[in-house]
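Since this is a predicted model, take the numbers as computed values, not measurements.
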Amino acid sequence: MEAAATAATAAAAMVWFRKGLRVHDNPALDAAQRFGSGGGGARLYPVFVLDPRYLRPDPAAASPGSARAGVARVRFLLESLSDLDSRLRGLGSRLLLLRAPDVAAGDVADTVCAALKDWNIGKLCFESDTEPYALVRDKKVMDFAAASGIEVFSPVSHTLFDPSEIIEKNGGQPPLTYQSFVAIAGEPPEPVMEEYSDLPPIGDTGEYELLPVPKVEELGYGDISQEELSPFRGGETEALKRMRESLHDKEWVAKFEKPKGDPSAFLKPATTVLSPYLKFGCLSSRYFYHCIQDVYRSAKKHTNPPVSLAGQLLWRDFFYTVSFGTPNFDQMKENKICKQIPWTENEELFLAWRDGRTGYPWIDAIMIQLRRWGWMHHLARHSVACFLTRGDLFVHWEKGRDVFERLLIDSDWAINNGNWLWLSCSSFFYQYHRIYSPISFGKKYDPNGNYIRHFVPVLKDMPKEYIYEPWTAPLSIQKKAKCIIGKDYPKPVVDHKTASKECKNKMGEAYASSRLDDKPDKGKSSNSSRRKLSVGSQETPNSSKTKQLKRNS
């Protein structure tokens with residue numbers, strides 16, 4: 001009898017979902033379902049732990065949701081969990097949804113460790129995660145598993161490549177240009193595309209309370225009935241459907257060229273909108289990459305990295321690798337690759353930007369779309385990020401990063417921080433004099449202002465001649481449009497022409513100071529100076545982006 005109990009223990013495996021909310025190309029799930037299969041008594045525990053600190057309502061937040069996530073992203077996560085549960089049930093299993101204790105001392109790691117012990121798990125499988133929070137959490141669980149004699153398998157499958165391997169190949173430092181990253185990385189591995197007819201049955205869960213996936217309305221965020229719903233539904237099923245629809249237009253895939261695209265297109269976005277599915281791991285980046293390659297093989301010619309569709313996945317891995325190998329990547333201070341710029345601390349300007357009250361309709365419409373949908377086109381993100389930092393307001397990029405981090409459904413620690421470093425000209429891209437105009441940039445794509453009219457309805461009757469600069473409209477026009485500037489819609493918080501000139505001067509001074517600080521002392525090791533040189537010699541991602549920025553200065 002004791003031998004039978006030991007065999008049952010050895011045959012129990014847990015697959016711990018965090019990201020990677022999918023069945024396809026999931027090496028952790030594949031390894032867990034294989035564990036103990038030869039003995040006939042295999043049991044599989046597919047687990048996700050709800051974190052109250054991520055979901056707990058925050059009445060002080062600027063919009064409904066928690067301190068860490070807005071309603072749109074919480075809803076996307078819950079939809080993804082529901083879809084994962086449904087797919088697992090179709091294979092004779094289910095998602096075991098647990099909740100971490102809502103106390104300061106309790107956390108997700110403690111909940112996982114308790115379940116490992118109580119369920120006599122013999123093998124723990126989970127997808128590797130390189131975010132700082134995840135590294136601390138996962139170490140705690142792995143230490144417990146090691147002390148308990150539990151086998152651990154933590155494969156890299158959230159990215160195309162293993163960031164630590166890329167860094168090792170680069171002599172222990174992350175490659176700081178896209179070109180050097182691609183040269184080192186090579187071709188990504190093939191996805192693990194096992195087709196399951198069924199999965200091992202769930203083991204005994206004892207007295208554990210197994211939760212249904214909650215509805216976002218049940219989480220206590222107040223009356224959210226008037227919140228505009230994001231049109232993007234979470235889950236692996238939706239991810240695969242959206243990917244297939246995008247790749248079905250083979251000519252579009254072959255000709256895809258970032259940064260081209262219409263940032264004002266919202267009813268039918270001018271991109272795949274697969275980033276949130278990649279963020280939560282509803283879609284495997286490796287599977288997506290190889291599906292794109294299949295399209296390329298059938299095309300006579302196609303665009304290439306860095307501007308191609310496949311090139312965008314390589315950008316994603318680039319930022320993951322740099323962020324993993326750069327201490328304090330998410331801040332300016334003590335971040336070796338970040339320019340030290342004396343950003344202003346103007347809370348009034350920051351709040352006007354965050355809440356879509358800058359008086360610049362193009363900027364405000366984007367920020368309102370962000371709050372409502374949790375998503376906007378990448379060029380729209382560029383516009384508002386530039387406006388907040390080096391373009392007009394000269395507010396610290398970390399403050400803008402925090403807003404994006406909370407509200408975006410595709411908020412990704414590595415990519416969000418990397419893009420804010422880039423767009424504030426703090427790292428990677430240094431041509432700070434090239435600024436996105438808050439007036440002419442959007443007008444080029446949407447001269448009638450349909451995007452603005454949708455997201456800033458107070459301006460819906462403003463003639464197109466004034467829709468991007470409503471403060472220039474005669475009072476008679478404003479009255480006819482039922483929108484008095486300064487009363488119904490704010491006046492501009494800054495004069496763009498004056499503010500952008502001041503920003504350029506401040507950036508120039510900061511860069512000059514930075515060059516002085518970067519001069520290596522004689523006699524010092526050359527390692528640090530080599531690293532600084534490689535940062536200083538960053539190239540812009542592609543010439544078309546540089547030209548586009550210049551046209552819209």
Distance-only donor-acceptor check, side chains [X] and [Y], under 3.5 Å:
X      : Y      : answer
Asp162 : Ser164 : yes
Glu405 : Ser411 : no
Tyr221 : Asp58  : no

Under 4.0 Å between a Lys/Arg side-chain N and an Asp/Glu carboxylate O for [X] and [Y]?
X      : Y      : answer
Lys19  : Glu131 : yes
Lys139 : Asp143 : yes
Lys123 : Glu151 : yes
Asp51  : Arg56  : no
Glu236 : Lys241 : no
Glu79  : Arg233 : yes

ask   = Is NZ or CZ of Lys399 both nearer than 6.0 Å to the six-membered ring centre of Phe350 and within 45° of the ring axis?
value =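 Cation-pi check for Lys399 and Phe350: passes.
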key: Within 45° cone and under 6.0 Å: Arg18 NZ/CZ vs Trp16 ring   =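 Geometry flag: set, cation within 6.0 Å and 45°.
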Centre-to-centre under 6.0 Å for [X] and [Y], is that the case here?
X      : Y      : result
Phe387 : Tyr436 : no
Phe318 : Phe428 : yes
Phe324 : Tyr320 : no
Trp315 : Trp422 : yes

Going by heavy atoms in the side chains, are [X] and [Y] under 4.5 Å from each other?
X      : Y      : result
Asn417 : Gln331 : no
Leu44  : Pro201 : no
Leu98  : Phe48  : no
Tyr196 : Val23  : yes
Ile368 : Arg371 : no
Pro214 : Leu78  : yes
Leu407 : Val403 : yes
Thr321 : Phe161 : no

request  = Any chance you could lay out the side-chain contact (heavy atoms from CB on, under 4.5 Å) test for Arg73 and Lys279, step after step, and finish with the verdict?
outcome  = CA-CA 11 Å; Arg73 187 158 85 252; Lys279 177 266 188 306; 4.1 Å; yes
inquiry  = Apply side-chain contact (heavy atoms from CB on, under 4.5 Å) to residues Ile366 and Phe455 and explain how you reach the verdict.
reply    = CA-CA 8 Å; Ile366 295 168; Phe455 289 106; over 6 Å; no
message = I'd like to know whether CZ of Arg94 has more than 12 heavy-atom contacts from other residues, nucleotides or ligands below 6.0 angstrom.
response =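 It does: Arg94 CZ has more than 12 such atoms within range.
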message = If you count heavy atoms of other groups shown closer than 6.0 angstrom to CD of Glu194, is the number above 12?
response =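 Enclosed: over 12 neighbouring heavy atoms sit under 6.0 Å from CD of Glu194.
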Rounded to the nearest 0.5 Å, how far apart are [atom1] of [X] and [atom2] of [Y]?
X      : Y      : atom1 : atom2 : result
Leu210 : Leu97  : CG    : CG    : 8.5 Å
Leu379 : Arg381 : CG    : CZ    : 10.5 Å
Leu278 : Asp410 : CG    : CG    : 9.5 Å
His290 : Leu160 : NE2   : CG    : 7.5 Å
Cys338 : Trp420 : SG    : CH2   : 13.0 Å
His378 : Lys258 : NE2   : NZ    : 4.5 Å

Please report the shortest heavy-atom distance between [X] and [Y], naming the atom on each side.
X      : Y      : result
Val49  : Ala100 : CG1-N, 3.6 Å
Ile341 : Ser424 : CD1-O, 4.4 Å
Thr344 : Leu393 : OG1-O, 3.6 Å
Arg75  : Val216 : NH2-CG1, 3.7 Å

key: Verdict with supporting geometry, Ser63 and Arg406, side chain to side chain donor-acceptor pair (under 3.5 Å)   = CA-CA 10 Å; Ser63 60; Arg406 179 175 181 270; 2.8 Å; yes
request  = Using the salt bridge (charged side-chain N to carboxylate O under 4.0 Å, His left out) rule, take Lys333 and Glu398 through it: C-alpha gap first, then chi angles, then the decisive distance, then the call.
outcome  = CA-CA 11 Å; Lys333 292 183 178 179; Glu398 291 178 18; over 6 Å; no
ask   = Trp375 pairs by ring-ring contact (aromatic ring centres under 6.0 Å, His included) with which of Tyr277, Phe266, Phe404, Phe232?
value =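 The option that passes is Phe232.
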Check against side-chain contact (heavy atoms from CB on, under 4.5 Å), Ser80 and Leu21 = CA-CA 7 Å; Ser80 299; Leu21 303 179; 3.9 Å; yes
ask   = After noting the C-alpha distance and the side-chain angles of Leu423 and Cys386, does the key distance pass the side-chain contact (heavy atoms from CB on, under 4.5 Å) rule?
value = CA-CA 6 Å; Leu423 291 163; Cys386 177; 5.7 Å; no
inquiry  = Working note: Arg87 + Thr237, criterion side chain to side chain donor-acceptor pair (under 3.5 Å); need CA distance, chi angles, decisive distance, verdict.
reply    = CA-CA 9 Å; Arg87 294 177 79 88; Thr237 301; 2.9 Å; yes
Trace of the side chain to side chain donor-acceptor pair (under 3.5 Å) decision for Arg316 with His158 = CA-CA 11 Å; Arg316 178 176 181 267; His158 187 64; 3.1 Å; yes
